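A quick write-up on the structure given underneath.
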Amino acid sequence: LRLTLPGRVVDDERAKAVYDVDDRNGTVTVHAPKETKGEHFDGLDMTTKLLQPRERLADVLARQELPDGYGEGVTDDDEAREAAEAAA
């Protein structure tokens, strides 16, 4: 299960997820500590938003008007590296 959260969380020994098949037709409870303690995450009650995949960098850039020559020489490896850094 991939969730798109509105902020950054820490993946450490405190993070866990539990699936209860008997609770309200199956319930997944996720505990993930926030990277910035006390930060407010909006929209956690919006299940469809949490399940939406993150936008790819290429999709975001495709919607923007960029100057001529921008991005020349950028490879798929560069885009994959940037996406991995953004997800980390």
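Both backbone and side-chain heavy atoms feed into the values below; hydrogens, waters and symmetry mates do not. Just so it is clear, the model here is predicted, and its values are computed rather than measured.
- Linking ILVMFWY side-chain heavy atoms closer than 4.5 Å, directly or via other members, places V30 and V21 in a single hydrophobic cluster.
- Using a 4.5 Å heavy-atom threshold, the side chains of T29 and D20 count as separate.
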Just list the side-chain donor-acceptor pairs under 3.5 Å for residues 37-51, sequence neighbours left out, or say none.
residue, atom, partner, partner atom, Å
H40, NE2, D42, OD1, 2.7

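- A search for salt bridge (Lys or Arg N to Asp or Glu O under 4.0 Å) contacts involving R2 returns nothing, not counting sequence neighbours.
- Two residues are said to be in side-chain contact when any heavy atoms from C-beta on lie closer than 4.5 Å; P33 and D12 meet this criterion.
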